[in-house]
Amino acid sequence: MNNFKNPPSLLELARQVRLNDYKLKQGFRQIFGTTVFGYLHDYRMQQAYMLLTTGQMKVREAAQAVGYASPSSFNSAFKKKFGVNPKAYQVKKNKQEI
């Protein structure tokens, strides 16, 4: 998670933990109930959610902060995860604080 903005490939990660990629994928799913990159995706989305909750970052900045180069990809991923696009979430959050 220390390198979630620019994660290693699955093969690089397997080498780091001294497993082959099949064993890594199998063991990870068994323990965490998701894939390595599914877990990474959820972590990134949670980080973005927290960044947008504070209201100190714009959507584009939050997307870049969690490793998305494309704002449209980030918007799609955020909406899929939370059911609302990030800008709408941020506007709703700001209204609740007033």
Side-chain angles (χ1 to χ4, degrees):
M1 302 299 19
N2 292 338
N3 200 14
F4 76 93
K5 293 179 191 176
N6 188 21
S9 71
L10 195 58
L11 287 174
E12 290 168 342
L13 184 60
R15 284 186 198 119
Q16 288 177 14
V17 296
R18 300 175 194 249
L19 292 172
N20 67 45
D21 62 322
Y22 177 77
K23 288 287 189 185
L24 174 64
K25 290 187 287 188
Q26 184 182 27
F28 196 93
R29 183 179 288 277
Q30 195 173 29
I31 292 171
F32 295 102
T34 188
T35 65
V36 172
F37 288 104
Y39 186 87
L40 173 65
H41 173 74
D42 286 345
Y43 183 81
R44 288 168 120 182
M45 289 294 102
Q46 290 299 328
Q47 293 300 308
Y49 185 87
M50 295 304 295
L51 291 171
L52 293 173
T53 298
T54 65
Q56 295 178 349
M57 280 192 175
K58 294 180 180 179
V59 173
R60 180 180 294 273
E61 295 169 329
Q64 290 174 341
V66 297
Y68 278 83
S70 165
S72 62
S73 295
F74 173 73
N75 289 342
S76 296
F78 192 93
K79 186 172 183 175
K80 186 175 181 181
K81 175 75 175 167
F82 299 110
V84 63
N85 72 45
K87 185 63 178 173
Y89 168 74
Q90 200 172 37
V91 168
K92 180 181 172 187
K93 184 71 178 157
N94 288 340
K95 285 183 181 179
Q96 288 176 347
E97 291 177 359
I98 294 175

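The first residue in the sequence is number 1, and the count goes up from there.
Placement of Val17 and Leu10 within a single hydrophobic cluster is found when ILVMFWY residues are connected by side-chain heavy-atom separations under 4.5 Å, directly or transitively. Cluster membership for Leu13 and Leu11, using ILVMFWY side-chain heavy atoms within less than 4.5 angstrom, is not shared. The hydrophobic clustering, which links ILVMFWY residues whose side-chain heavy atoms are closer than 4.5 Å, places Tyr43 and Met50 together. Both Phe28 and Ile31 belong to a single network of hydrophobic side chains, linked directly or stepwise wherever heavy atoms of I, L, V, M, F, W or Y lie under 4.5 Å apart. Phe4 is connected to Leu51 through a chain of hydrophobic side-chain contacts under 4.5 Å among Ile, Leu, Val, Met, Phe, Trp and Tyr, so both are in one cluster.
Atoms NZ and NE2, on Lys80 and His41 in that order, are 7.0 Å from each other to the nearest 0.5 Å. Remark: Arg15 CZ to Leu24 CG distance equals 12.0 Å, nearest 0.5 Å. Atom CD of Gln56 and atom OG1 of Thr54 lie 4.5 Å apart (nearest 0.5 Å). Between the CG atom of Asp21 and the CD atom of Gln26 there is a distance of 11.5 Å, given to the nearest 0.5 Å. Note that CG of Asn85 and CD of Gln90 are 10.5 Å apart. Values are rounded to the nearest 0.5 Å.
Heavy atoms of other residues, nucleotides or ligands lying less than 6.0 angstrom from CZ of Phe82 number more than 12.
Asp42 pairs by the side-chain contact (heavy atoms from CB on, under 4.5 Å) definition with Lys81, not counting sequence neighbours.
Between Ala14 and Asn20, the shortest heavy-atom distance links the atoms CB-C, 3.9 Å.
Relative to the six-membered ring of Tyr68, Arg44 meets both conditions, a distance below 6.0 Å and an angle of at most 45° to the axis.
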Open item on the list: The test is side chain to side chain contact (heavy atoms under 4.5 Å, CB included); show your working for Val84 and Lys79 and say whether it passes.
Closed with: CA-CA 5 Å; Val84 63; Lys79 186 172 183 175; 5.9 Å; no

Task: Evaluation steps, side chain to side chain contact (heavy atoms under 4.5 Å, CB included), between Phe78 and Val59 - done: CA-CA 10 Å; Phe78 192 93; Val59 173; over 6 Å; no

Open item on the list: For a side chain to side chain contact (heavy atoms under 4.5 Å, CB included) check, start with the C-alpha distance between Thr35 and Arg29, then their side-chain angles and the critical distance, and finish with the verdict.
Closed with: CA-CA 5 Å; Thr35 65; Arg29 183 179 288 277; 2.9 Å; yes

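Within the 4.5 Å cutoff, side-chain heavy atoms of Phe74 are placed close to those of Met45.
Formation of a donor-acceptor pair under 3.5 Å by the Gln64 side chain with backbone atoms of Glu61 is not found in this model.
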